[in-house]
Amino acid sequence: MLISAVPFERSMEESSVGEYLTGEEVKKLIKRIQSGDNEAWESLYHNFERYVHDRAWNRLRKFDIPENRKKDIEEELYQAGWKGFLSCIHSYDPKKGEFLTYVTHYIDGEMSKEIDFVLNPMGLTERVKPDSGYAVLQMTRIPGSGISVEEAPDLGKYSAERRVLQIMEVLRLLTDEEHSLSKEELGRLLHLYRIGKYHNGTPLEKSNTLTSTIEDILAEVNPLEYTGENDGDYKVKYEGYKENRLKAKWNKEKGKKAADITGFSYVHTFDNAELDSLIQLICFSDMFSNQEKQRLVNKLVSTASVYYRTPFQNDEKPEDTLTELRFNPKAIQGRFSGRILQDNRQFAEKINLIQQAVKNLCQIRFKFNCYTAEHEMVPKSEYLHVLSPYHLVVYHDNYYCIGLKKEDKRIWHYRVDLMSDVEILTDGEGKAVPIDVCDFEGLPICNAYWDPEKYMAEHLYMAFDEPKEILIKIRNTDYTILHDWFGNHYEKTKQQCEAGYDIVKVRTSPYMMVHWAMQYAGAVEVMDEEIREEIRNEIKKLNEKY
């Protein structure tokens with residue numbers, strides 16, 4: 001298949017470049033930009049903005065693209081062009097030549113990769129016909145095959161079973177919620193898929209054979225009839241699936257031509273929005289090392305079509321492989337991203353074991369640890385703590401296990417990363433010991449009404465003491481502080497105070513409120529007299545110390 005293009009006659013010199021800045025002015029701006037001057041970058045950006053747009057449109061004009069797709073593709077090319085522009089800025093050396101020539105090479109290079117992907121998802125080569133100078137897209141070669149369509153030998157036909165699997169694989173790779181294939185396109189890409197994977201240039205099956213195979217696939221993987229409620233049960237969608245066009249085709253009276261079925265798209269395990277969310281969760285999780293993040297993100301991306309790009313796309317390729325990295329784990333960092341793989345696995349194992357104990361309502365036993373000056377974690381003592389675990393929560397980056405200690409009516413909170421030698425407690429017969437319960441207001445055990453966010457708001461810094469209602473004076477522009485620590489669990493009162501301030505009520509730990517109020521001393525004032533006295537005592541101690 002050839003996609004013809006028209007020649008581009010307008011020269012670079014006739015574009016916007018040079019209308020505003022001379023070559024020397026551009027070089028001076030680049031030097032300032034390389035030193036971190038943002039104003040210089042804005043000037044250069046506005047000077048080249050129209051030029052990058054021109055390169056995108058002129059690149060696009062070379063291909064026969066449907067009008068309804070041109071705008072979106074032009075925007076993608078425009079973004080790709082700026083990516084090349086920025087790469088050029090970082091590496092440009094005036095000794096290497098004029099900036100316009102240099103940057104155009106970078107811009108066109110990134111646009112070429114983008115247009116090649118958009119119009120040619122199977123990775124076939126784009127070439128220029130030497131006799132005309134027109135750009136054409138030649139669907140004749142697949143990277144790694146080393147063989148063209150004309151050269152591919154006829155190695156015989158495929159079985160009906162393999163034909164089904166091959167069609168499903170083409171649909172999985174080259175269709176999704178935003179991209180579909182007609183029956184003709186599906187047949188052509190199936191032929192190219194076979195050449196690329198098997199070096200087999202056997203002529204494609206007859207049209208009615210492919211049609212029959214596709215209809216059999218639809219009948220097998222989809223519901224028998226569309227009801228609206230079963231939309232999520234479809235594995236391959238097509239134009240008219242909601243009107244049951246396939247069923248109508250089967251029921252057509254003999255001798256009458258039935259409406260054709262086309263516009264096929266594979267329904268992936270996760271749609272693009274779900275993939276974005278899952279990948280974001282992995283990227284920002286402290287439970288996985290960089291290596292594990294890379295592996296998990298690549299697994300998720302492998303379930304999508306070739307069109308999917310992660311929110312954290314990284315197009316750099318490692319030197320020792322041609323596999324494109326779809327995620328740069330070092331670009332997304334948490335406090336614990338650098339933990340070694342073994343530590344990370346041990347932490348995940350602890351979480352899983354505690355969750356198992358919570359699910360099965362049984363007690364756990366463990367040692368509690370602290371860190372030394374040598375950055376090593378060691379037990380505070382050889383004492384084995386026994387806990388009836390109720391829940392796991394994450395509070396300001398740390399995981400906590402909430403539970404009841406034996407013969408202690410208080411609820412305790414233990415940081416999971418400081419726990420070691422965790423095991424489910426068993427009796428003399430090897431049976432798991434069931435949890436203890438107590439009469440505790442707000443007891444979180446198996447309580448459908450337990451609100452973990454409210455619980456953590458009431459236990460500031462995961463303190464153990466009994467929470468109480470506390471009044472706080474705060475500037476009416478500083479509510480973000482309260483929301484960061486108490487979520488939605490604070491309430492503005494009607495008490496009067498000076499202009500620009502409000503009196504707000506929270507329910508939380510009085511002991512930890514002392515330290516919290518000192519942390520935000522410039523923004524909040526605690527109104528509770530007992531806590532104010534404790535704050536004064538702490539300030540006095542600090543004054544004596546410093």
Side-chain angles (χ1 to χ4, degrees), residues 280-281 284-287 334-336 347-348 350-359 361 364 366 368-369 385 387-405 408-419 422 435-472 474 478-493 504-521 523-524 526-528 531 534-535:
Q280 181 176 337
L281 287 172
F284 287 102
S285 173
D286 279 330
M287 288 197 66
R335 291 198 301 124
F336 306 118
F347 183 69
K350 283 190 288 188
I351 292 289
N352 290 336
L353 190 145
I354 294 170
Q355 191 60 49
Q356 180 184 343
V358 171
K359 177 182 177 181
L361 304 177
I364 59 173
F366 57 92
F368 199 64
N369 303 274
H385 299 257
L387 189 74
S388 295
Y390 296 150
H391 282 283
L392 282 167
V393 298
V394 180
Y395 186 86
H396 290 266
D397 286 347
N398 286 311
Y399 285 74
Y400 288 84
C401 179
I402 300 176
L404 178 70
K405 290 191 70 173
D408 192 324
K409 297 301 182 183
R410 294 179 297 170
I411 296 296
W412 287 72
H413 313 137
Y414 284 93
R415 267 179 54 180
V416 176
D417 60 305
L418 297 179
M419 298 165 64
V422 182
I435 62 170
D436 290 334
V437 296
C438 68
D439 183 15
F440 178 82
E441 184 180 357
L443 183 69
I445 179 174
C446 301
N447 188 344
Y449 301 101
W450 184 63
D451 184 345
E453 183 181 310
K454 180 174 180 290
Y455 184 88
M456 287 185 278
E458 292 178 348
H459 294 80
L460 196 60
Y461 299 105
M462 296 306 287
F464 302 138
D465 58 329
E466 184 70 20
K468 62 177 287 188
E469 291 185 349
I470 301 170
L471 296 179
I472 298 171
I474 188 169
D478 287 342
Y479 274 97
T480 302
I481 295 173
L482 293 181
H483 191 272
D484 287 346
W485 287 88
F486 303 102
N488 293 327
H489 303 286
Y490 59 84
E491 178 185 349
K492 178 183 174 181
T493 71
V504 180
K505 179 172 64 178
V506 300
R507 178 178 170 80
T508 192
S509 160
Y511 176 74
M512 285 300 181
M513 177 52 71
V514 174
H515 304 281
W516 184 86
M518 294 176 67
Q519 178 180 348
Y520 292 100
V524 304
V526 175
M527 310 308 290
D528 183 286
I531 298 177
E534 290 297 326
I535 293 173

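Just so you know, these numbers use all the heavy atoms, side chains as well, and skip hydrogens, waters and symmetry mates.
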Fill in the blank from the handout: Rounded to the nearest 0.5 Å, the CG atom of D417 sits from the CZ atom of F347 at a distance of 6.0 Å
Handout entry: Result of checking M512, M513, E458 against P467 for side-chain contact (heavy atoms from CB on, under 4.5 Å)
Key = E458
Problem - Beyond-backbone contact of V526 with W516, side-chain heavy atoms, under 4.5 angstrom - result: no
Handout entry: Between NZ on residue K505 and OH on residue Y490, distance to nearest 0.5 Å
Key = 14.5 Å
Handout entry: Verdict with reasoning, I402 to I411, per side chain to side chain contact (heavy atoms under 4.5 Å, CB included)
Key = CA-CA 7 Å; I402 300 176; I411 296 296; 3.4 Å; yes
Handout entry: Geometric class of the Y414/W412 ring pair [parallel <30°, tilted 30-60°, perpendicular >60°]
Key = parallel
Practice task
Check whether any side-chain heavy atom of M462 sits under 4.5 Å from a side-chain heavy atom of N398, and report yes or no.
Solution key: no
Handout entry: Residues, nucleotides or ligands: over 12 heavy atoms within 6.0 Å of K454 NZ
Key = no
Practice task
Indicate yes or no: at least one non-hydrogen side-chain atom of I354 is less than 4.5 angstrom from one of I364.
Solution key: yes
Handout entry: I531 side, atom CD1; Y511 side, atom OH - distance, nearest 0.5 Å
Key = 13.0 Å
Exercise for the section: Mind telling me whether H413 and Y455 have parallel, tilted or perpendicular rings, with 30° and 60° as the class edges? Expected result: perpendicular
Handout entry: Shortest non-hydrogen separation from M456 to V394 and the atoms involved
Key = SD-O, 3.7 Å
Handout entry: Rounded distance [0.5 Å steps], CG in D436 versus CG in L361
Key = 12.0 Å
Problem - Closest heavy-atom pair and its distance - A457, T508 - result: O-OG1, 2.8 Å
Fill in the blank from the handout: Taking every heavy atom of I535 against every heavy atom of A517, the minimum-distance pair comes out as CD1-CB, 3.7 Å
Problem - Residue pair D465 / H459: nearest heavy atoms and the distance that separates them - result: O-CD2, 4.1 Å
Give the table of side-chain donor-acceptor pairs shorter than 3.5 Å for residues 479-488, with sequence neighbours excluded, one pair per line with atom names and distance.
unit_1 : atom_1 : unit_2 : atom_2 : d
Y479   : OH     : D502   : OD2    : 2.7
W485   : NE1    : Y520   : OH     : 2.9

Problem - Heavy-atom pair of closest approach, residues C401 and L387 - result: SG-CD2, 3.8 Å
Fill in the blank from the handout: d(I472 CD1, D478 CG) to nearest 0.5 Å is 12.0 Å
Problem - Euclidean distance, L392 CG relative to Y400 OH, rounded to 0.5 Å - result: 13.0 Å
Problem - Heavy-atom check, side chain of R415 versus side chain of Y399, under 4.5 Å - result: no
Exercise for the section: Kindly indicate whether the side chain of K405, heavy atoms from C-beta on, has any atom under 4.5 Å from the side chain of H385. Expected result: yes
